[in-house]
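In what follows, a structure is listed as structure tokens, so that the remarks can point back to it.
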Amino acid sequence: MKDIVWSGSPQGEQKAVLFGDATKPGMYGVLIRWNPGYYSHPHFHDQDRYICVISGTWWVNSGTHYDPKLTHPVPAGDCAQDVANTVHWDGAREDGPPAILELVGMGPVKTTYVDEQGKALPPRQRPTAAQ
């Protein structure tokens, strides 16, 4: 993994494109690294996505209520599906190692962040992903 080129925040979520482009039609694959203590906020995608945990533990929850203490572990070797239009949020616990995921889906994919009532947030009001 030392030769992988990561983009994004070293303190937060980082991505490495394996193939394709999530903003264009067709299949794409990326690696995602969730650094310890960093989480997304409630959101959904308009396409199904398939995830395998490569290393670490990925912590997830569904629904609009954001509380990292309520996440469920997905350990290395397990796989999951982001079901289209299902609100969820995810990340890595502060006291653990980074979680590295392989994610495959069909583009183009649109991500929409929501408030606690499930109402879509305008792009300029997208919450900062953090603890």
Side-chain angles (χ1 to χ4, degrees):
M1 287 217 186
K2 65 182 173 86
D3 296 330
I4 295 173
V5 178
W6 296 96
S7 63
S9 168
Q11 292 78 34
E13 175 191 16
Q14 296 177 295
K15 293 182 183 178
V17 176
L18 298 173
F19 61 89
D21 183 336
T23 67
K24 296 180 180 166
M27 185 178 277
Y28 67 93
V30 295
L31 293 178
I32 296 177
R33 177 169 44 201
W34 288 103
N35 288 306
Y38 200 79
Y39 289 87
S40 66
H41 281 260
H43 64 281
F44 64 88
H45 311 284
D46 67 342
Q47 303 291 324
D48 286 349
R49 300 167 2 134
Y50 304 90
I51 301 104
C52 288
V53 181
I54 304 300
S55 66
T57 300
W58 179 41
W59 293 86
V60 301
N61 203 339
S62 59
T64 59
H65 178 68
Y66 175 79
D67 182 349
K69 294 180 210 131
L70 301 177
T71 54
H72 305 279
V74 182
D78 280 4
C79 297
Q81 178 181 358
D82 272 349
V83 176
N85 303 309
T86 301
V87 176
H88 63 278
W89 44 277
D90 49 349
R93 291 240 167 125
E94 187 172 329
D95 58 352
I100 298 179
L101 320 173
E102 178 184 34
L103 186 149
V104 176
M106 294 296 286
V109 63
K110 178 183 174 190
T111 300
T112 303
Y113 282 81
V114 298
D115 63 18
E116 288 243 351
Q117 288 72 44
K119 182 180 172 191
L121 295 172
R124 69 184 182 283
Q125 290 184 5
R126 177 181 167 179
T128 302
Q131 286 193 142

For [X] and [Y], which heavy atoms make the closest approach, and how far apart are they?
| X | Y | result |
| --- | --- | --- |
| Gly63 | Pro42 | O-CB, 3.8 Å |
| Pro108 | Thr23 | CB-O, 3.5 Å |
| Thr112 | Ala120 | CG2-CB, 3.6 Å |
| His45 | Thr111 | ND1-OG1, 2.8 Å |
| Pro36 | Gly96 | CG-O, 3.1 Å |
| Trp58 | Ala80 | CZ3-CB, 3.9 Å |

| query | Val109 and Asp46: side chain to side chain contact (heavy atoms under 4.5 Å, CB included), yes or no, with the steps? | reply | CA-CA 6 Å; Val109 63; Asp46 67 342; 3.6 Å; yes
Calculate, to the nearest 0.5 Å, the distance between atoms [atom1] and [atom2] belonging to [X] and [Y] respectively.
| X | Y | atom1 | atom2 | value |
| --- | --- | --- | --- | --- |
| Thr57 | Ile100 | OG1 | CD1 | 12.0 Å |
| His88 | Asp82 | NE2 | CG | 3.5 Å |
| Cys79 | Glu102 | SG | CD | 8.5 Å |

Quick one: does [X]'s side chain get under 4.5 Å of [Y]'s, heavy atoms only?
| X | Y | answer |
| --- | --- | --- |
| Tyr38 | Gln11 | no |
| Ser40 | Trp34 | yes |
| Phe44 | Thr86 | no |
| Trp6 | Leu31 | yes |

Any donor and acceptor pair, going by atom type alone, linking the side chain of Asp115 with main-chain N or O of Leu121 inside 3.5 Å?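 Checking the backbone N and O of Leu121 against the side chain of Asp115, no donor-acceptor pair under 3.5 Å is found.
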query = Among Val104, Val83, Asn85, which residue meets the side chain to side chain contact (heavy atoms under 4.5 Å, CB included) test with Asp48?
reply =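 Option passing the side chain to side chain contact (heavy atoms under 4.5 Å, CB included) with Asp48: Val83.
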Point to revise | Hphob cluster co-occupancy, Leu103 + Val17, side-chain heavy atoms under 4.5 angstrom | key: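 Result: yes, single cluster for both.
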Could you tell me whether His41 and His43 have their ring centroids closer than 6.0 angstrom?
->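 His41 vs His43: aromatic centres not under 6.0 Å.
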